[in-house]
Amino acid sequence: MSDISITFPDGNARTFPKGVSGKAVAESISKSLAKKAVAMVLNGTLSDLADPIDADATLKIVTRTDPEALELIRHDSAHVMAEAVQALWPGTQVTIGPVIENGFYYDFAKDEPFVPEDMAKIEAKMREIIDRNAPFTKEFWSRDEAKAFFKSKGELFKIELVDAIPPGESLKIYKQGDWLDLCRGPHMTSTGQIGKAFKLTRFAGSYWRGDSEGPKLQRIYGTAWASDAELAAYLKQIEEAEKRDHRKLGREMDLFHFQEEAPGSIFWHAKGWTLFQTLIAYMRRRLDKADYQEVNSPDMMEKHFWELSGHWENYGENMFTTTLPDERVFCCKPMNCPGHVQIFKHGLKSYRDLPLKIAEFGKVHRYEPSGALHGMLRVRHFTQDDAHIFITEDQIMDECLKINDLMLSIYKDFGFEDIFIKLSTRPEKRVGADDLWDKAEKALSDVLDEVKRQSNGRVKTAINPGEGAFYGPKLEYVLKDAIGRDWQCGTTQVDFNLPSRLGAFYIDADSEKKTPVMIHRAMFGSLERFTGILIENFAGHLPLWLSPLQVVVSTIVSDADAYACEALAHLKTAGLRAETDLRNEKINYKVREHSLAKVPVMLVVGKREAEERTVSVRRLGSQAQEVVPLDEIVRRLADEATPPDLRH
RNA sequence: GCCGGCUUAGCUCAGGGGUAGAGCAGCGGUUUUGUAAACCGUUGGUCGGGGGUUCAAAUCCCUCAGCCGGCACCA
């Protein structure tokens, strides 16, 4: 038998007999390492420790606490959970059970639904299986063998999975004691390696292969970690995220509410509407500087108009319609673009007019499926910071790059600097000829490359195949928030279809009629959703320029009332959004209330301040107090409240 | 839309067959207060809507709606 050379992470290489297992290699290094080893990284690929090594290789032995082991802990947990469920409910079919961010899930086909009490039962059974510490062993089966086995067990979904494995790929079975599963692997050496830092988190419905027409499955989600401390930290983090929930903060900050007569629709309270209008005012200034013109198009238009645009065919089921007394059917606009094309068409356009940038804070109406609604993040009536840019084909690159610059600059003003851009390409259901799609996709792909180059790789990019709009491909801008969550907001879509469909044209330099290309773009996306994202990102602690109520002047004694009112007048004159709190309450009570309402600045005034013409300043989130002359604090706050685009 | 859970006072929640309870908020007083809840008193609910079972339903059943967690969807 010939020997092979194995190179370790420290660069040292040693000779082993060909076919040596990772386990044997670990043993040769040290007994303690062999004891701790759960898997190996063989030539860069995470593999079973028992796998034979047949050629010269690089090797890292993975122990349970290595980062590489985490996905194994989760994957093994999924298998153990599946065994537990089948032990508790014989006849349940298993389907798939992948590792996901922070955990794992497994989808089951079971007639009776899981009930909440089942969770503890399953966890207890999982602990038993882990304690049993049966080794994970791998076997290679033939397709026929596997299918016969799963057929005998009534595992019809597994048979489909066997059939889906490409020819030439080997079919692996992992056993843990008596239980086995079809699986790509790898796994750790035994169930005991999983440890006890796991928790089942929720039951959910799902669909076989994600097809809503297909069989319904029941999914169980779990989270698993290498240590109890990490599990506790994760659960703590979930709790923190819940505290940021915009639905909860929206109520506490008195921004908006929902009620069942208007599902998916927001009742904006005064403070919430102030925030909303602050965003629009900001965006108006940015658009004005970027040579956009703002317009407003009708909220309702006749159905045939939407048939012409293609929206009725593609999304008719999701449009709000109303039949008028004269029996004509009108649709609430689900998008602004067809309206903007009408404005473009009004009056003959020359190539000299291009690029023509038409913007609208248009409220669109989409009958979203009831199950999709989610606070302000997914509603049925929302306002887009929408714009359509009419250009010639050779202006695409230039305009998309300008949009990109504006996009990144705007996000930066809100503190979002970690941006990720996806290129979504042609979907199956689409309008327009393929050569137009080729052109549009090529254009955006070039833009993406250029953006990446210009940002020196700081902006991350990816391709998202088949996810484009029905009329064109799109670039989608994804922001990362303060606690690492991704939010897709901006979008740039190149459209070769709608302008010609709706008969838009311009007169080119050669006096010929030409069809313009249209770029659809939004930056906040939905104003409602962006507001929700801001609330969650800042955990309610909005920066001063965004805060709907910026300052509250609270009195300690009623003798200071007159001075407090005077202070308020100064603040308002300086353009600050301020109120007084003259109530007959202790200062502790007032401070607590305004803190809970997330007022960024509290100015406290008593006799002393009134006499000295000062205020005691307390900032949200801090207990520090600073006594400052009234004139000075007004100046300081007015400066701080200046929107970022108005600073120099 | 699909699966599961939930819906009791403005808010947070208790009560699980014998015709409703707490804290906070609100209101009325007292208190003039120094940086996250002063004190006393008090109002308030056909228990999400509708139907059924029962001598009796907030409680059990059916149904509709909304919300929550996922799935599917997201022009």
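We name chains A, B, ... by the order of the sequence lines, and we start the count at 1 in each one.
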Considering residues, nucleotides and ligands other than A:Glu632, do more than 12 of their heavy atoms fall under 6.0 Å from its CD?
-> yes

Produce a footprint string for nucleotides 3-9 of chain B: one letter per nucleotide, 5' end first; B if the base is under 4.0 Å from any protein heavy atom, S if only the sugar-phosphate is, - if neither.
-> BS-----

Is a donor-acceptor pair below 3.5 Å formed from side chain A:Tyr207 to base B:G1, judging by atom type as modelled?
-> yes

Just to confirm, is there a sub-4.0 Å distance from OP1 or OP2 of B:U35 to any side-chain nitrogen or oxygen of A:His594?
-> no

Paired with A:His520, the ring pair (Phe, Tyr, Trp, His ring centres under 6.0 Å) test is passed by just one of A:Phe390, A:Tyr471, A:Phe496, A:Phe470, namely A:Tyr471

Is the ring of A:Tyr589 stacked on the base of B:A37, with centres less than 5.5 Å apart and planes under 30° off?
-> no

Please determine, for the side chain of A:Arg366, which listed nucleotide (B:U12, B:A75, B:G34) has the closest atom?
-> B:A75

Mind checking A:Asn588 for me? I need base, sugar-phosphate or nothing, with any heavy atom below 4.0 Å counting as a touch.
-> sugar-phosphate

Are the side chain of A:Ser309 and the backbone N or O of A:Trp306 linked by a donor-acceptor pair below 3.5 Å?
-> yes

If you find the nucleotide of RNA chain B closest to A:Met335 and the one closest to A:Glu261, which residue's nucleotide is nearer the 5' end?
-> A:Glu261

Contact check, residues 597-615 of chain A vs RNA chain B, heavy-atom distance under 4.0 Å, returns A:Val604, A:Gly606, A:Lys607, A:Arg608, A:Glu609

With sugar-phosphate meaning primed atoms plus P, OP1 and OP2, does A:Arg209 contact a base, only sugar-phosphate, or nothing at under 4.0 Å between heavy atoms?
-> nothing

Using the C1' atom as the reference point in each nucleotide, state the distance between B:U19 and B:U54 in Å, no decimals.
-> 14 Å

Regarding the side chain of A:Leu373, the nearest nucleotide among B:A75, B:C67, B:G69 is B:C67

Which nucleotide, B:G70, B:A75, B:G66, lies nearest any side-chain atom of A:Arg202?
-> B:G70

Any A:Arg380 side-chain N or O less than 4.0 Å from OP1/OP2 of B:C74 | no

Does A:Tyr471 or A:Gly371 map to a spot on RNA chain B nearer the 5' end, using the closest nucleotide for each?
-> A:Gly371

Should A:Ser616 be listed as having a side-chain N or O under 4.0 Å from OP1 or OP2 of B:U35?
-> no

Rounded to whole angstrom, note down the C1' distance from B:G5 over to B:A9.
-> 24 Å

Check: B:C71 base within 3.5 Å donor-acceptor of A:Arg219 side chain = no

Of the nucleotides B:A37, B:C71, B:A75, which has the atom closest to the A:Tyr221 side chain?
-> B:C71

Remember a base hit wins even if backbone is also touched, and classify A:Pro263 as base, sugar-phosphate or nothing at under 4.0 Å, heavy atoms.
-> sugar-phosphate

Can you find a donor-acceptor pair, distance only, under 3.5 Å between A:Arg618 side chain and B:A36 base?
-> yes

